[in-house]
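Chain naming here is simple, since letters A, B, ... match the order of the sequence lines and numbering starts at 1 in each.
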2 protein chains.
Amino acid sequence: MVDDAQVRDELRAAILRGDFAPRQRLVEADLCEQFGARRFAVRAALQDLVAEGLVERQQNRGARIREISLDEAIEISEIRRVVEGLVAARAAERLTAADAKRLTGIGRRMREAVDGGEAAVYSDLNAELHAALREIARHETANRIVAQLHGQMVRHQFALSRVPGRSAVSLAQHEAVIEAVVARDPDAAEAAMRAHITSVIEVLRSLG
Amino acid sequence: MVDDAQVRDELRAAILRGDFAPRQRLVEADLCEQFGARRFAVRAALQDLVAEGLVERQQNRGARIREISLDEAIEISEIRRVVEGLVAARAAERLTAADAKRLTGIGRRMREAVDGGEAAVYSDLNAELHAALREIARHETANRIVAQLHGQMVRHQFALSRVPGRSAVSLAQHEAVIEAVVARDPDAAEAAMRAHITSVIEVLRSLG
DNA sequence: GGTGCTCGTATTGTTGACAATCGCTTCGCG
DNA sequence: CGCGAAGCGATTGTCAACAATACGAGCACC
């Protein structure tokens, strides 16, 4: 039997994968069939995803995929700018030798991806770098918030990765973050991460 | 008839008011009686409060008030430090003349409260100031996050307000925030807010 | 042809009853 | 007397049926 958490996780994964369009209705009966779950479990999953900001509900009108406007994506990025700044600073404080090796490895692979023009690989490495920093910082509260905000932004994130020449700009900023963290300089790490996300925000603004 | 949202709001208010002790069990039947609601509504309310981080649930063991450790309170404050810094900076950017008058008014009343030794009044004004800044900044995402984190911290916040001599230290920091925001200086406003919450974190650490 | 109304269907929200599980108490046994 | 197993009351989790609501099709009237 499928349990509640499983339905929630699969539905979340489907949304993040882009299986549903913004504002698309999520009919409970359909989801039951899709996931082989009872309606009860589907309702609970929807409720959880409402709390995560991925789904919205209207009384008696059911659930639909929440559409994140460009303005909201910018707001979200502004939060990420300061919170991921904190994460970077803290990663710099807590860095171990193994962590440093890991980060420089990601940096090297990023440069190779950009040199080779492999945008998809670079995009994955981008996610990997941010995740690595969060693991190193071990800031539970920050991790939760960033994960949630990141989930709300997947669609815009995808648009970002398709902006021509974005990788090259982004690469230099990421390298600056890595350098500062590896140097165990919290202030520089925070500043570098903020500069990076500031540039993300500027690109988002230019899309409006 | 009591509706879902009402039960949730009343239960949240009761928790924030301190009606329940940390780790106290929340028996569904008792809550039904207390709020005159159906079990269905109580369960939905509990689910919402789990998402807000006020309540925790264990399979087949029901719900209880989530206990926030000192370490977690510090983590939460670290997030608030950067997010409220953003709020202050943005308030400085968006300030109107009426907003300025409001802030200076709060500042004046704060000083009066400290001079008069009225700790409870000062505590209320503290909340009022932070709320005013959030209204001025109009940053939906930040407001949501700060409200949620603040809710998780009420108990520690209360402990803080009882630290002797805390008001006097806090007052100067609040005045610095107000001054920077009224001067429409975002960087100074962010720095002042961060300095303020840094000092809060230090007090929390000293309590451990 | 357009507009407003009525009704039917699809979908969601709610209920009370039932099943599963937990923690405690009691009892049996060494 | 101590320890573990079984039984019991309390509590939570799940369900299938029912009620309420919204959306759209069809119709009457202008």
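Nucleotide D/dC18 holds its P atom 14 Å from the CZ atom of A/Arg39, rounded to whole Å. Rounded to an integer number of Å, the gap from B/Glu28 CD to D/dA10 C1' is 12 Å. A/Gln58 has its CD atom 14 Å from the C1' atom of C/dT11, to the nearest Å. Going from atom CG of A/Asn60 over to atom P of D/dA20 covers 11 Å, rounded to whole Å. Separating the CG atom of A/Leu46 from the P atom of C/dT11 is a distance of 15 Å, rounded to the nearest angstrom. Look at CZ on B/Arg64: it is 11 Å from P on D/dT12, rounded to the nearest Å. Across the protein-nucleic acid pair, A/Phe40 atom CZ and C/dA20 atom P stand 15 Å apart, rounded to whole Å.
Close to D/dC15, at under 4.0 Å from its OP1 or OP2, lies a side-chain N or O of A/Arg38. OP1 or OP2 of C/dG23 sits under 4.0 Å from a side-chain N or O of B/Arg61. Between C/dG13 and A/Arg43, a contact under 4.0 Å exists linking OP1 or OP2 to a side-chain N or O.
B/Leu26 comes within contact range of the sugar-phosphate backbone alone, with a heavy-atom separation under 4.0 Å but no base atom that close.
Electrostatic pairing of B/Arg12 and B/Glu52 counts as a salt bridge here, judged by a charged N lying under 4.0 Å from a carboxylate O. Salt-bridge annotation for B/Glu84 and B/Arg194: absent, with no side-chain N of the basic residue lying under 4.0 Å from a carboxylate O of the acidic one.
Formation of a donor-acceptor pair under 3.5 Å by the A/Glu75 side chain with backbone atoms of B/Glu140 is found in this model.
For the residue pair A/Ser161 and A/Tyr122, no side-chain donor N or O sits within less than 3.5 Å of a side-chain acceptor on the partner.
Taking 3.5 Å as the limit, the base of C/dG13 and the side chain of A/Arg57 contain no donor-acceptor pair of atoms between them.
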